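Just so it is clear, the model here is predicted, and its values are computed rather than measured.
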Amino acid sequence: MATEIIPIEPNRLKMIWQSQGEDRTKYQVGEIIRSGHQTSLSYFRHEPTFLDALMAGFEGYPAFPLNKTVHHENVIETFSRRIPPRSRNDYHTYLTKNRISTDYQISDFALLGYTGGYLPSDGFSFAIDWRFQELPFIYLMEISGFRHHVGMHIDINNLLGKQIQFIPEPENEYDINAVAIYLADMKIGYVPRYYNKEFLFWSDYYNIYGQIERIDGKMLKPKVSVLTIVQTRQVAAVEPRVSF
């Protein structure tokens, strides 16, 4: 039986944009912050990764021009259009597909973070910023680069429920913060870049578990997601190797 996620109500979401180029790189280009009844969008205009996104073709979210760093008007109303209305007959099916328990009320803000708010028409998605939440962390996370590793040479139909490991890869020539995902001794992809620093921090302080929980898309272009659980543990007081 698939694991259900009991949702929490986050206060920050990462805003992700995927380039349309050959490498399909994902960049964190901003964040959405909720404070009381107010929600704002801030672009990371002075971050190196934001400049990389601009060079890759990023032009901002259509409703929120780049000439303004922070947007306060109609933010959650605009992004809520990326998720199905609760009046739809298949709304509970949508929750179940994303492993979200149907026994709890969940806001549009939280739903964006748990589901990604994907649309086929653009490269935007959203992810909960777990640095500002309390343990345990439980969520679905898509494996990055699955198609470019051994994952495409194994029987996808037998992957569900398989345990995986997260292994830092400091020798990675493209990103010293890279965290590889292994099934037994086979590398099947990576933690998305916008989460890898968190994973490095967690690996020093917490227990991290993962299992393959969901497979979407076509056989030649599968989207494989991992149920990720981060729990507390007793550790010595040492400096983390990644600072935020």
Is there a path from [X] to [Y] through hydrophobic residues (I, L, V, M, F, W, Y) whose side chains come within less than 4.5 Å of each other?
X: Val70; Y: Trp17; result: no
X: Leu119; Y: Ile32; result: no
X: Leu140; Y: Leu160; result: yes

Is the NZ or CZ atom of Lys223 positioned over Tyr118's six-membered ring, under 6.0 angstrom from the centre and within 45° of the axis?
yes
Pairwise distance [atom1]([X]) to [atom2]([Y]) - rounded to 0.5 angstrom:
X: Leu41; Y: Met15; atom1: CG; atom2: CE; result: 5.5 Å
X: Asn207; Y: Thr232; atom1: CG; atom2: OG1; result: 8.0 Å
X: Ile33; Y: Ser40; atom1: CD1; atom2: OG; result: 5.0 Å
X: Ser203; Y: Asn196; atom1: OG; atom2: CG; result: 11.0 Å
X: Ile164; Y: Ile143; atom1: CD1; atom2: CD1; result: 6.5 Å
X: Leu112; Y: Ile106; atom1: CG; atom2: CD1; result: 9.5 Å

Would you indicate whether the side-chain heavy atoms of [Y] and [X] approach each other to under 4.5 Å?
X: Ser80; Y: Thr78; answer: no
X: Asp129; Y: Glu198; answer: yes
X: Ile229; Y: Ile208; answer: no
X: Phe109; Y: Thr39; answer: yes
X: Gln231; Y: Tyr209; answer: yes
X: Ile16; Y: Phe124; answer: no
X: Met141; Y: Pro192; answer: yes
X: Tyr91; Y: Pro85; answer: no

Do Ser107 side-chain atoms and Ala110 backbone N/O form a donor-acceptor pair below 3.5 Å?
yes
Within the side chain of Lys14, is there an N or O that forms a donor-acceptor pair under 3.5 Å with the backbone of Tyr194?
yes
Salt bridge or not between Glu213 and Lys162? Use side-chain N to carboxylate O under 4.0 Å.
no
Looking at residues at least two apart in the chain, or sitting in another chain, which of them share a salt bridge (Lys or Arg N to Asp or Glu O under 4.0 Å) with [X]?
X: Glu73; answer: none
X: Asp185; answer: none
X: Arg86; answer: Asp108

Could you work out, with ring-ring contact (aromatic ring centres under 6.0 Å, His included) as the rule, every residue matching Phe166, not counting sequence neighbours?
Phe199
ring-ring contact (aromatic ring centres under 6.0 Å, His included) partners for Tyr139, two or more places apart:
Trp130, Tyr195
Quick one: side chain to side chain donor-acceptor pair (under 3.5 Å) partners of [X], sequence neighbours excluded?
X: Tyr94; result: Thr115
X: Glu171; result: none
X: Gln163; result: Gln211
X: Glu169; result: Asn172, Lys187, Tyr190

Is atom [atom1] of [X] surrounded by more than 12 heavy atoms (other residues, nucleotides or ligands) closer than 6.0 Å?
X: Asp90; atom1: CG; value: yes
X: Tyr104; atom1: OH; value: no
X: Gln20; atom1: CD; value: yes
X: Tyr174; atom1: OH; value: no

What are the two closest non-hydrogen atoms of [X] and [Y], and how far apart are they?
X: Gly210; Y: Val226; value: CA-CG1, 3.9 Å
X: Tyr114; Y: Ile138; value: CE2-O, 3.7 Å
X: Gly113; Y: Leu13; value: CA-CD2, 3.7 Å
X: Glu4; Y: Thr102; value: OE2-N, 4.4 Å
X: Ser19; Y: Tyr27; value: CB-CE1, 4.2 Å

Test side chain to side chain contact (heavy atoms under 4.5 Å, CB included) on Phe44 and Gln28; report intermediate values, then the result.
CA-CA 8 Å; Phe44 291 164; Gln28 184 179 351; 3.2 Å; yes
Identify each donor-acceptor pair in which a side-chain atom of residues 51-65 lies under 3.5 Å from a protein atom, sequence neighbours left out, and give them as a table.
residue: Tyr61; atom: OH; partner: Arg82; partner atom: NH1; Å: 2.9

Assign the ring pair Tyr206 / Phe201 to parallel, tilted or perpendicular, where the plane angle (0 to 90°) is split at 30° and 60°.
perpendicular
Under 4.5 Å side-chain linkage, directly or through intermediates, the cluster mates of Tyr182
Ile167
Is a side-chain donor-acceptor pair under 3.5 Å present for Arg214 with Asn98?
yes
Full working for side chain to side chain contact (heavy atoms under 4.5 Å, CB included) between Asn11 and Gln133
CA-CA 8 Å; Asn11 49 34; Gln133 305 303 141; 3.3 Å; yes
So which pairs with a foot in residues 28-51 pass salt bridge (Lys or Arg N to Asp or Glu O under 4.0 Å), sequence neighbours left out?
Glu9-Arg34, Arg12-Glu31
